[in-house]
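To start, the structure itself, in structure tokens.
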2 protein chains.
Amino acid sequence: MTVLSLPPLDLDAAGGVGEEDSPLRSVATAVAVLDCFADEAELGATRVATRLGIAKSTACRMLAALATGGLLERTGSGRYRLGLRLFEYGQLAVDRLMLRDVALPAMGELRELLRETIQLGVVVGTDVLYVERAEAATMNVRFRSEHRRNPAHSSSAGRVLAAADPALVTAILERGLQRYTPFTVVDPLRYRQILASTREQGYATAREEFEPGWSSIAAPITLTRGGRPHPVAALSVVAPTSRILGPRKPAVVQGVRRAAARVSADLERARS
Amino acid sequence: MTVLSLPPLDLDAAGGVGEEDSPLRSVATAVAVLDCFADEAELGATRVATRLGIAKSTACRMLAALATGGLLERTGSGRYRLGLRLFEYGQLAVDRLMLRDVALPAMGELRELLRETIQLGVVVGTDVLYVERAEAATMNVRFRSEHRRNPAHSSSAGRVLAAADPALVTAILERGLQRYTPFTVVDPLRYRQILASTREQGYATAREEFEPGWSSIAAPITLTRGGRPHPVAALSVVAPTSRILGPRKPAVVQGVRRAAARVSADLERARS
DNA sequence: GCCCGCGTTCCGGTGTGCGGAACGCTGCTG
DNA sequence: CAGCAGCGTTCCGCACACCGGAACGCGGGC
């Protein structure tokens, strides 16, 4: 089994529902129906039909079929909601990367060492998706679903992953460096400079570039492929700025780099 | 928005792939294709075709359609694997229960108090599915995907949930009390006695009934519906037997009951 | 370099999913 | 209390999109 062959960054997946010209029209619309539930928690047949521009009867059949398959569940009032089977599939998808299990011990130790929240992120499209998180001592309700994915250019994890992947860099630049805070780096030239220094130093930082007050430091988890180490994921420490970019910064950098290196080694050994 | 209306325990979902007589045949087979990946990490068109008894060309089209939808990803050698989009959908499905976010703080505090692993479980079919886990101090690699779901009859969480749900009890008994360890309760009469005492005491225990050496204590998270409190989830402490069923048992019971009661109250308030 | 196995593509017939309209139902509202 | 409006669901006939079999291109392996 190949260990975590990085998905070839499907750019089209970033867009909206759109009209797929693929075969299996009904399956494509079924997936589009699922996508509708990314925005809203509960949907009925009429909403789905109008959103997708299909007949109401078609939407109803799609919803029923997805519900019998377990991908959707019926709420009391005839509407539908994402099903828990999707949770199981999603956990399996992450487990199959053979990354989380390898990284968990190191993440727990790093959390204990720094007493901060540790994140494990991979690239999907031009975003970083966090597939595991070791919360600081008291589990922080601040980290919710909306913090499970963020644009690669404004996060330290995205930088260590882009630093070694020119195709990802061009994809990020094509999409545009959107500004989220006054500190967000939006100049392509400056962004490339940051990536260059990331390559040199072996870690990346992001100072309040996505959410005011919160910064992060990340180091790459690599896998030697074709003789050269290739980043496949990133370990990042996220905390209020003063706690990791102040006097503690050297300790945090050393800690996250060591943890990422250990995960890389374990991942290499797990490649049986 | 209704908060966590318990899914009506789809019994058929427990079975294998099977032939659905529902409309939208292609969507049904697409779901069946997804189900194939519950067992194996990577699959090609031929394997899928033989497993489902469909033509190889059909399987190929299904795989391609699911891949363009992001539910599957292509691995290097033309085979397929569950896609990370499923992870996002799955996280959304759990978030929409408005249960995890409410329970996280209490779980973190209980973990700190007991220094043991805390699990948050819900019922799906006749199994308990754990949708969140607060690991003990060092994140334990022992808890992996195979520990994300287990039969309701052999877990403490399943008992507090079955204690107030006669329909679930009959479903569990119909399925049969499978033996996993020498301690597993497999006598229906004894099982009903245990449920009765669970109702009285307000918590449940399971002593090495699923995995030798590991036991658990659970308390119900309830939501008043129709004037009466109704369990919708369970908080459980899982640890080596001596650490929770020995002298510490009273403290553990009190801790998990208090935490579950707090989550219940918060959940009630969140029902705006 | 041969062969076997894979994933993919092509093509025609047919059965299946599409859309529009009609049906119960619930929960508003005048 | 009755009317209505909106919902999810069902029915039905036509068209077309999907299924299966066979052919293609490619890669790995005794």
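In what follows, chains are A, B, ... by sequence order, proteins preceding strands, each numbered from 1. Basis for what follows: all heavy atoms, side chains included, without hydrogens, waters or symmetry-related copies. What you see is a predicted model; the values in this text were computed from it and never measured.
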Pairing stems for DNA chain D [at least three consecutive pairs; Watson-Crick or G-U; under 3.5 angstrom]: C:2-28 with D:3-29

field: C:dT8 phosphate, OP1 or OP2, under 4.0 Å from B:Y80 side-chain N/O
entry: yes

- line: Taken to the nearest whole Å, CZ/A:R79 to P/C:dG27 is 12 Å

Whole angstrom value for the distance that separates C1' of C:dC18 from CZ of A:R25: 9 Å

- prompt: Would you say B:S155's side chain and B:G158's backbone share a donor-acceptor pair under 3.5 angstrom?
  reply: yes

task: Taking only Lys NZ, Arg NE, NH1 and NH2, and the carboxylate oxygens of Asp or Glu, determine whether B:E40 and B:R47 approach each other closer than 4.0 Å.
output: yes

task: Would you mind classifying the nucleic acid contact of A:T46 as base, sugar-phosphate or nothing, using non-hydrogen atoms under 4.0 angstrom?
output: sugar-phosphate

query: Considering only C:dA21, D:dG8, C:dT8, which nucleotide approaches the side chain of A:S57 most closely?
result: C:dA21

- request: Would you check if A:L97 and B:L84 make a side-chain contact, meaning some heavy-atom pair closer than 4.5 Å?
  value: yes

message: What is the separation between atom CZ on A:R47 and atom P on D:dG8, rounded to the nearest whole Å?
response: 10 Å

- request: State plainly whether the residues A:R148 and B:E88 are in salt-bridge range, i.e. N to O under 4.0 Å.
  value: no

- request: May I have the distance from A:L24 (atom CG) to C:dG17 (atom P), rounded to whole angstrom?
  value: 11 Å

statement: Considering only heavy side-chain atoms of B:C60, the closest of D:dG8, C:dG7, C:dC18 is C:dG7

- prompt: What integer distance in Å separates A:L52:CG from C:dC18:P?
  reply: 12 Å

- line: Which of C:dG17, D:dG20, C:dG19 is nearest the side chain of A:S26? It is C:dG17

field: Distance in angstrom units between A:L66 CG and D:dG8 C1', rounded
entry: 16 Å

task: Would you kindly compare A:R61 and A:V27 by the position of their nearest DNA chain D nucleotide and give the one closer to the 5′ end?
output: A:R61

- request: Calculate the interatomic distance between A:E73 atom CD and D:dG8 atom P; express it in whole Å.
  value: 18 Å

- prompt: Is B:L195 close to B:R159 at the side-chain level, that is, under 4.5 Å between some pair of heavy atoms?
  reply: yes

message: Check this for me, if you would: do B:D35 and A:R85 make a salt bridge, where the nitrogen-to-carboxylate-oxygen distance has to be below 4.0 angstrom?
response: yes

message: Distance check needed: C:dG17 C1' versus A:I54 CD1, whole Å only.
response: 12 Å

message: For a quick test of reading the model, state the closest non-hydrogen atom pair linking A:G202 to A:P220 and the distance between them.
response: O-CD, 3.4 Å

- request: Name the residue closer to the 5' end of DNA chain D, choosing between A:L63 and B:T29 according to the nucleotide with the nearest heavy atom.
  value: A:L63

